[in-house]
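Structure, as structure tokens:
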Amino acid sequence: MGGWVSEVRDVGRHLRFIVLRTWDKKIQLTLKRGVAPDELFDVTDNLTQETVLVAYGEPAPEKKARAVDLEIIPERIEVVSRAEPKLPLDPNWKVPALLPTRLDNRPLDLRRPEVQAIFKITASLIRGMIDWLDEHGFLMVFTPAIIGGASESGAEVFRVDYFGKEAFLRQDPQLHRQLTILGGFERIYDLGPNWRAEPSHTTRHITEFRSLAVEMAFISDETDVMRVEEQVVVSGIKRVLEERSRDLELLGVELEVPQTPFPELRFPQIYDILAEFGKEIPYGSDYDTESEGLLWRYVREKYGSDFFFVNRFPFEAKPFYVMKAEPPWARSVDLLYKGLELSSGGQREHRYEVLLEQIREKGLKEESMEWFTKFFRYGAPPHGGFAIGIERLVKQMLDLKNIREASLFPRDPERVLP
RNA sequence: GCCCGGGUGGUGUAGCCAGGCUAGCAUAGGAGCCUGUCGAGCUCCAGACCCGGGUUCAAAUCCCGGCCCGGGCGCCA
């Protein structure tokens with residue numbers, strides 16, 4: 001078996017314990033002088049923490065070590081890769097490192113079982129979500145990440161030199177998901193990366209994140225989308241509970257399957273709720289970050305839920321492609337989890353003439369969006385969908401302080417390495 | 001983008017406001033002791049004030065500039 005040296009303890013001259021860390025257990029190698037060959041003591045003299053060993057041997061007849069999963073009496077030990085003595089952070093966490101130090105030295109940080117737990121949980125979460133989608137007739141597709149046409153809203157995008165032409169990294173798979181629907185695929189999902197060139201300095205933004213983006217045709221209205229979205233989330237959380245109870249315990253997280261349907265708040269009633277908390281938002285305007293926290297408090301007290309939808313956002317706050325409801329509102333839905341926006345979605349506008357009108361209303365040039373809009377001339381079903389930010393979902397589910405902890409190698413305005 | 005805060009051994013911190021003895025502690029590292037440890041214990045050793053300028057008899061400490069980082073807001077997932 002192979003692993004990283006977590007600890008070496010000499011107890012007297014005749015006994016040495018070496019604790020190895022593997023990705024799923026702790027193993028103690030026990031060396032007794034007189035029992036173990038002297039050469040095993042020789043090769044393990046001056047072992048440094050985090051050195052990689054491969055050991056061969058049999059389990060001890062009686063496991064006396066309590067704090068490990070396995071106790072081995074080694075017959076042979078190979079020092080595969082000796083770690084330098086001064087580590088940039090301590091994976092044993094005797095001295096906790098700060099987040100920037102952790103991220104600068106992420107491969108060492110990732111050795112901690114608590115950190116690995118985050119990504120094991122993420123894998124189960126995603127598996128649970130996409131299994132539900134597969135079981136309900138959704139097809140996994142991959143839409144492009146490099147987009148040649150103008151961006152959907154003029155929000156900050158990364159520019160790419162595409163053989164001398166200008167292209168952009170997608171902020172969202174939104175437009176191509178819709179075009180895939182126009183391609184006759186009635187239920188799809190796309191799991192992939194998105195990029196935002198926003199120089200945001202917060203604990204809930206990174207410049208590269210992944211989303212699970214779902215789109216479905218022949219919906220009655222945006223509530224069909226909400227019913228799918230909550231089932232996807234519930235299915236993911238159920239899977240985490242089934243497969244990762246030990247990892248949840250390691251992180252000290254108590255997780256429950258949320259009740260469905262999730263509570264739904266709508267504009268303009270939102271303004272009245274916020275007013276109860278003394279928060280005045282001008283009628284017809286979007287709410288701010290503080291409001292998200294206030295609405296969560298409201299929903300928790302009234303419905304006891306950590307999840308809730310917000311529906312009927314002001315059209316002026318949303319992109320051109322959303323479908324309008326009674327003016328000035330739109331069939332545009334956000335899902336919030338513990339007061340943080342997890343996803344945006346809703347019903348899309350599929351009527352060509354209306355779509356063009358909305359593009360003009362947003363002050364965009366019709367020509368710039370023609371690569372997208374022209375296909376709505378040839379038969380477009382009513383449709384809608386949503387995109388859930390994976391890292392945000394994980395952050396909220398595990399009560400992580402910073403979204404960067406939910407990303408293996410996070411990218412933010414100051415960090416593109418390692 | 002706007003605003004606020006912070007950079008002390010490898011890591012994490014005390015000291016800064018009220019400038020002044022060999023910059024304290026923990027952990028990791030080196031040397032040694034201890035026959036089963038339980039993030040073991042004990043003794044000793046080595047290791048640091050982000051960069052530049054200024055004020056002062058004296059600067060980690062006060063002032064200015066720079067660099068780097070963190071956070072809040074905006075915007076969003």
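Residue numbering restarts at 1 for every chain, and letters A, B, ... go by the order of the sequence lines. Atom set for the values below is all heavy atoms of this structure, side chains included, hydrogens, waters and symmetry mates excluded.
Under the 4.5 Å side-chain criterion, counting only non-hydrogen atoms from C-beta, A:His205 is not in contact with A:Asp412.
Using atom P as the reference point in both B:U8 and B:G70, the two lie 14 Å apart (nearest Å). Between B:C17 and B:C75, the distance separating the two P atoms is 41 Å to the nearest Å. B:G12 and B:U56 have their C1' atoms separated by 33 Å, with the value rounded to a whole Å. B:G41 and B:U22: their C1' atoms are spaced 29 Å apart (whole Å). Rounded to the nearest Å, the gap between the P atom of B:A46 and that of B:A26 is 16 Å. Nucleotides B:G52 and B:C44 place their C1' atoms 40 Å apart, quoted to the nearest Å. Taking the P atoms as reference points, B:C49 lies 23 Å from B:U55, given to the whole Å. Across the C1' atoms, B:G20 and B:C34 are found 45 Å apart, a figure rounded to whole Å.
The aromatic ring of A:Phe17 does not stack onto the base of B:G36, failing the criterion of a centre distance under 5.5 Å from the six-membered base ring together with planes under 30° apart.
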Just do the side chain to side chain contact (heavy atoms under 4.5 Å, CB included) check on A:Leu53 and A:Leu29 with the steps written out, would you? CA-CA 11 Å; A:Leu53 295 185; A:Leu29 307 178; 4.2 Å; yes

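Heavy atoms of A:Leu15 sit under 4.0 angstrom from at least one base atom. Nucleic acid contact class of A:Ile206 (heavy atoms, under 4.0 Å, all strands): base. Among the heavy atoms of the strands, none lies under 4.0 Å from A:Asp334. Nucleic acid contact class of A:Ala65 (heavy atoms, under 4.0 Å, all strands): base.
Using bins of under 30°, 30° to 60° and over 60° for the plane-to-plane angle, the ring pair A:Trp132/A:Phe138 lands in the tilted bin. Using bins of under 30°, 30° to 60° and over 60° for the plane-to-plane angle, the ring pair A:Tyr271/A:Phe267 lands in the perpendicular bin. Aromatic ring orientation, A:Phe307 versus A:Phe262: parallel (interplanar angle below 30°, classes split at 30° and 60°).
Using a cutoff of 4.0 Å between basic side-chain nitrogens and carboxylate oxygens, A:Lys63 and A:Glu71 are not scored as salt-bridged. Taking a cutoff of 4.0 Å between a charged side-chain nitrogen and a carboxylate oxygen, A:Arg16 and A:Asp45 qualify as a salt bridge. The pair A:Arg111-A:Asp90 fails the salt-bridge criterion, with no side-chain N (NZ, NE, NH1 or NH2) lying under 4.0 Å from an Asp/Glu carboxylate O. Ion pairing of A:Glu391 with A:Arg210 is absent here, as no side-chain N (NZ or NE/NH1/NH2) approaches a carboxylate O to less than 4.0 Å.
Residue A:Ser200 places a side-chain atom within donor-acceptor reach of the base of B:G74, judged by atom type and a 3.5 Å distance cut-off alone. Applying the 3.5 Å distance criterion, the base of B:G36 shares a donor-acceptor pair with the side chain of A:Glu71.
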All N/O pairs under 3.5 Å across the protein-nucleotides 27-30 of chain B interface:
from	atom 1	to	atom 2	distance (Å)
B:A28	OP1	A:Lys94	NZ	2.7

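Cation-pi check for A:Lys318 over A:Phe313 is met; the charged atom lies under 6.0 angstrom from the ring centroid and within 45 degrees of its normal. For the pair A:Arg112 and A:Trp93, the distance from NZ or CZ to the six-membered ring centre is under 6.0 Å and the angle to the ring normal is within 45 degrees. The side-chain tip of A:Arg300 points at the ring of A:Trp296 from less than 6.0 angstrom away and within 45° of straight on. By the 6.0 Å and 45° rule, A:Arg33 stacks over the aromatic ring of A:Phe41. The cationic atom of A:Lys120 (NZ for Lys, CZ for Arg) lies less than 6.0 Å from the six-membered ring centre of A:Trp23 and within 45° of the ring axis.
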Summarise protein proximity over nucleotides 66-71 of chain B in one line of letters, 5' to 3': B for base, S for sugar-phosphate only, - for none, counting protein heavy atoms closer than 4.0 Å. ---SSB

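Nucleotide B:U37 holds its P atom 18 Å from the CD1 atom of A:Ile18, rounded to whole Å. Taking atom NZ of residue A:Lys64 and atom P of nucleotide B:G36, one finds them 10 Å apart after rounding to whole Å. Remark: P of B:U37 and CD of A:Gln28 are 10 Å apart, rounded to the nearest angstrom. Atom CZ in A:Arg9 sits about 16 Å away from atom P in B:U35, given to the nearest Å. Between the CG atom of A:Leu340 and the P atom of B:A77 there is a distance of 11 Å, rounded to whole Å. The distance from atom CZ of A:Arg210 to atom P of B:A77 is 17 Å, rounded to the nearest whole Å. If you take CZ of A:Arg112 and C1' of B:G12, they are 13 Å apart, rounded to a whole angstrom. When rounded to the nearest whole Å, the span between CD of A:Gln174 and P of B:C76 equals 14 Å.
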Taking only Watson-Crick and G-U wobble pairs with both distances under 3.5 Å, what dot-bracket line describes RNA chain B, where [ ] shows pairs that cross earlier ones and | shows pairs with another strand? (((((((..((((......[...)))).(((((.......)))))....(((((..]....))))))))))))....

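Using a 4.0 Å cut-off, no side-chain N or O of A:Arg196 falls inside it from OP1 or OP2 of B:C75.
The 5' end of RNA chain B is approached more closely, in terms of each residue's nearest nucleotide, by A:Val8 than by the other of A:Val8 and A:Glu292.
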